[in-house]
There are 2 protein chains.
Amino acid sequence: MSRRVTLQTVADAVGVSRTTVSNAYSRPDQLAPDLRRRILGVAADLGYAGPDPAARSLRRGRAGAVGLLFNEALGYAFTDPAAVMFLQGVAEAGEPAHVGLLLLPAPPGAPEAPGVRDAVVDGFLVYSVPDGYPGLRAVLDRRLPTVTVDEPVAPGPGPAPGFVGIDDRAGARAVARHLLDLGHRRVGVVTDRMAPDDRRGRYDPAGYREAPSRVGHERLAGYADALTAAGVAWPGVPIVEEFPNTVAAGRAAAAALLDVADPPTAILAITDQLALGVLLAARDRGLAVPGDLSVTGFDDVPAAALADPPLTTVRQPLVEKGRAAARLLLDLIAERPTRRVDLPADLVVRASTAPPRSP
Amino acid sequence: MSRRVTLQTVADAVGVSRTTVSNAYSRPDQLAPDLRRRILGVAADLGYAGPDPAARSLRRGRAGAVGLLFNEALGYAFTDPAAVMFLQGVAEAGEPAHVGLLLLPAPPGAPEAPGVRDAVVDGFLVYSVPDGYPGLRAVLDRRLPTVTVDEPVAPGPGPAPGFVGIDDRAGARAVARHLLDLGHRRVGVVTDRMAPDDRRGRYDPAGYREAPSRVGHERLAGYADALTAAGVAWPGVPIVEEFPNTVAAGRAAAAALLDVADPPTAILAITDQLALGVLLAARDRGLAVPGDLSVTGFDDVPAAALADPPLTTVRQPLVEKGRAAARLLLDLIAERPTRRVDLPADLVVRASTAPPRSP
DNA sequence: TTGTACGCGTTATCAT
DNA sequence: ATGATAACGCGTACAA
């Protein structure tokens with residue numbers, strides 16, 4: 001077995017210095033064109049695959065890629081339309097800058113995050129990962145430029161992370177008020193996991209060991225704002241927690257809300273995915289939406305508009321969120337001045353909401 | 001400005017050798033636990049971010065990540081449900097192995113593919129990229145373990161690429177035969193780009209400078225098999241080419257097929273996305289599906305079942321394709337024996353097809 | 001359990 | 001236009 005082919009091998013074969021071969025690849029203008037051709041030719045004959053990216057990255061101090069961390073298993077992320085749209089935005093903004101996107105495996109369960117430690121990247125994008133997740137700590141420990149999305153983090157040892165988010169509370173307030181304006185007073189709430197504790201069932205704000213997710217907290221607070229202002233006792237509104245953020249989970253959570261003596265006339269779901277599940281649960285029980293039950297979501301993923309009936313929800317600019325996050329990170333990496341980005345969240349009224357049958 | 005903190009800095013501060021500090025991070029069992037704690041403590045005080053991944057990767061010869069190349073701009077890939085499901089499968093299979101997924105920016109337009117050249121990876125996954133694309137050449141030049149999906153490539157200078165695909169021809173034949181069995185004889189075809197030439201409009205097999213995509217070629221061949229066998233003259237069936245693979249493109253392509261004197265009673269779309277667009281084009285013209293027009297797709301993405309009417313199509317196991325591709329690549333990287341993987345493609349009859357109104 | 005010595009493959013700098 | 005030299009930061013025999 002012969003030794004691995006490197007710049008030196010090629011240099012020796014051509015009879016020039018390593019530097020010249022390097023230039024042939026990385027700075028074509030520093031070279032006589034025909035010498036360059038000769039070098040490339042010999043390299044091809046020798047089976048040289050080009051400058052080693054790891055060595056190159058080590059020497060130059062740049063990686064040409066950014067790492068992405070998700071709050072769930074990677075396979076799941078591609079199941080969540082909101083995450084996919086975010087990724088789309090990131091890709092759109094990153095492509096012109098020629099940066100690769102390194103998706104990191106960091107399941108919430110595993111305390112270690114070897115993928116994060118070994119990632120050859122210039123910075124990190126952290127999507128919707130509440131402070132306290134082990135993978136997030138590993139990211140912060142890398143002390144690289146970092147942007148968190150949706151969930152702000154306590155500043156760590158490294159540079160202060162950038163942040164991109166929306167006004168979840170105002171959005172939630174708007175959709176809850178919409179329901180109240182229609183006349184609803186008996187409402188229920190379906191929420192995704194509120195903290196890494198992985199609880200299911202009746203939500204009880206007390207007793208969480210881990211810090212809650214900002215998004216969950218804010219959306220619930222927005223609902224509370226509106227309901228309280230309308231005289232509906234907020235602790236008293238039934239809230240069911242389920243995960244992950246899927247249609248199936250929404251269906252299950254709605255069951256707990258619906259199968260009681262005096263069911264709500266409207267259900268606020270904290271995400272569209274969950275709301276889609278609530279729609280199914282209503283159908284399971286022969287309940288007409290919005291006749292017997294009004295249902296609202298949050299996010300406005302494409303499926304929301306296509307649902308039957310089309311979902312009243314809160315729109316957030318998901319793709320733009322990805323673009324903004326990527327731009328912010330690129331600015332951070334280039335040491336350009338940056339600022340926090342807050343995107344809007346607007347109520348979108350469609351056909352899944354109507355006045356309650358019996359007020 | 002002080003010098004950058006490295007293993008050596010920490011070693012000096014603690015009064016041990018570099019090796020020991022390295023072990024503290026990478027081989028905890030080679031160390032007295034309390035010495036390790038002291039080292040880690042000093043490292044934290046010094047602001048040491050841990051072993052540099054580029055240097056580590058250079059030294060060990062492994063990257064812990066695989067590169068992914070797409071046939072379209074990255075931003076677009078997240079728009080294509082089939083691509084997203086593929087990614088989901090890849091992520092599922094890659095996560096247990098702790099491999100990162102490096103999504104590479106390589107727009108078909110750009111002849112250079114710097115992202116590919118600089119990718120610190122152990123292998124490549126190439127999704128649906130026809131031989132001849134510049135980015136693909138760059139991948140092959142890296143001479144790393146590679147798996148191509150859907151489109152086989154001519155063996156290059158490096159190791160022979162693995163391949164994962166489905167029996168597109170059989171699937172296409174089945175769906176075309178289904179239409180023929182229903183009594184259709186006047187059909188039209190809508191296809192995605194057949195080659196990198198980026199043509200739109202009436203398809204003419206001649207005159208392409210670039211090699212055609214295998215998938216497109218095979219699916220058309222499958223249609224031809226069935227139609228010819230039923231006595232329908234294949235060159236004679238109108239075929240319209242559009243791109244990219246989107247609902248909008250399908251709508252536009254269908255218009256060209258429908259707005260003629262003697263329109264087809266059925267349209268075979270080469271992908272579900274395009275078929276969904278055909279459905280829209282039919283609605284635009286007040287044509288009932290399947291009453292006035294039968295429509296078929298290919299892929300069976302989730303939206304196909306949810307369409308109005310639900311789409312008759314050919315199912316391919318998209319997520320499984322991703323898993324298989326990732327497993328194959330991992331095997332290749334580990335120098336385990338591998339084989340080509342062929343997945344099934346099955347006809348799924350739903351409500352978008354029926355006998356023609358007037359035979 | 002800890003230290004020594006060397007090499008991983010490249011690019012920046014400066015000289016020629 | 002080309003070459004010599006010195007980092008870049010780390011892992012791993014091997015010896016102690």
Side-chain angles (χ1 to χ4, degrees), chain A residues 2-40 42-43 46-64 114 117-122 142-144, chain B residues 2-40 42-43 46-64 114 117-122 142-144:
Chain A
S2 80
R3 191 180 172 61
R4 173 165 180 197
V5 180
T6 100
L7 268 190
Q8 185 70 65
T9 320
V10 178
D12 292 348
V14 180
V16 295
S17 82
R18 243 167 28 207
T19 306
T20 302
V21 179
S22 174
N23 284 337
Y25 282 94
S26 306
R27 309 170 69 162
D29 50 323
Q30 300 294 307
L31 215 61
D34 50 343
L35 173 55
R36 179 173 134 92
R37 254 189 302 280
R38 210 172 84 226
I39 291 176
L40 263 29
V42 173
L46 258 37
Y48 179 56
D52 181 303
R56 180 186 260 239
S57 176
L58 171 60
R59 181 63 239 223
R60 315 220 302 197
R62 295 186 303 100
R117 270 188 35 176
D118 285 352
V120 182
V121 296
D122 299 317
R142 284 288 303 272
R143 296 164 194 261
L144 289 177
Chain B
S2 79
R3 191 180 171 60
R4 171 166 182 197
V5 179
T6 131
L7 266 190
Q8 185 66 262
T9 320
V10 178
D12 293 348
V14 180
V16 296
S17 84
R18 237 173 36 206
T19 307
T20 304
V21 180
S22 173
N23 284 338
Y25 282 94
S26 306
R27 312 169 68 166
D29 49 325
Q30 302 293 307
L31 215 63
D34 51 343
L35 172 55
R36 179 172 132 93
R37 253 190 302 280
R38 209 172 85 225
I39 291 177
L40 262 28
V42 173
L46 257 37
Y48 179 56
D52 182 303
R56 179 186 262 244
S57 175
L58 170 59
R59 187 59 242 232
R60 318 216 314 196
R62 295 186 304 98
R117 268 189 35 176
D118 285 353
V120 182
V121 296
D122 299 317
R142 284 289 301 273
R143 297 165 193 260
L144 288 178

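These numbers come from a predicted model, not from an experiment. Below, chains carry the letters A, B, ... as their sequence lines are ordered, and counting in each starts from 1.
The nucleotide whose nearest atom lies closest to any side-chain atom of A:A55 is, among D:dC10, C:dT10, C:dT2, C:dT10. Listed nucleotides C:dG9, D:dT2, C:dT2 differ in distance to B:L58; the shortest reach to its side chain belongs to C:dG9. Counting only heavy atoms from C-beta on, B:D52 has its side chain closest to D:dG9 among C:dT11, D:dG9, C:dG7. Which of D:dG11, D:dT2, D:dC10 sits closest to the side chain of B:S26 comes down to D:dG11. Comparing D:dA1, D:dT12, C:dT10 by their closest approach to the side chain of A:A32 singles out D:dA1.
A:R36 comes within 4.0 angstrom of no nucleic acid atom, judged by non-hydrogen atoms across all strands. A:Y25 comes within 4.0 angstrom of no nucleic acid atom, judged by non-hydrogen atoms across all strands.
Spacing between atom CG of A:L31 and atom C1' of C:dT11 amounts to 15 Å, rounded to whole angstrom units. Counting to the nearest Å, the C1' atom of D:dC10 and the CZ atom of B:R56 are 9 Å from each other. Atom CG in B:L7 sits about 13 Å away from atom C1' in D:dT12, given to the nearest Å. Separating the CZ atom of A:R59 from the C1' atom of C:dG9 is a distance of 11 Å, rounded to the nearest angstrom. Distance, A:Q8 CD to C:dG7 P: 13 Å, rounded to whole Å. Atom CZ of A:R62 is separated from atom P of D:dC8 by 17 Å (rounded to the nearest Å). One atom, CZ of B:R27, and another, C1' of C:dT1, lie 12 Å apart when rounded to the nearest Å. In this entry the distance linking CG of A:N23 with P of D:dA1 reads 11 Å, nearest Å.
Remark: A:R18, A:T19, A:S22 in residues 10-22 of chain A come within less than 4.0 Å of DNA chain C through at least one heavy atom.
Shown here are the side-chain contact (heavy atoms from CB on, under 4.5 Å) partners of A:A49, two or more places apart in sequence or in another chain: B:R143. When the side-chain hydrogen bond (donor to acceptor under 3.5 Å, both in side chains) test is applied to A:D12, the partners found at least two apart in sequence or on another chain are A:Q8. Taking A:L58 as the reference, B:A54, B:A55, B:L58 meet the side-chain contact (heavy atoms from CB on, under 4.5 Å) condition, with sequence neighbours excluded. With sequence neighbours excluded, the residues that form a side-chain contact (heavy atoms from CB on, under 4.5 Å) with A:D118 are B:R56. Considering only residues two or more places apart in sequence or on other chains, A:D52 meets the side-chain hydrogen bond (donor to acceptor under 3.5 Å, both in side chains) condition with A:R4.
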Contacts under 3.5 angstrom, residues 27-34 of chain A side chains, donor-acceptor by atom type, not counting sequence neighbours:
none

Self-check item: Steps toward side-chain contact (heavy atoms from CB on, under 4.5 Å) verdict (B:L35, B:T20)
Solution: CA-CA 9 Å; B:L35 172 55; B:T20 304; 4.0 Å; yes

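Comparing the axis of the opening five pairs of the helix from C:dT1-D:dA16 to C:dT16-D:dA1 with that of the closing five pairs yields an angle of 20°, rounded to 10°.
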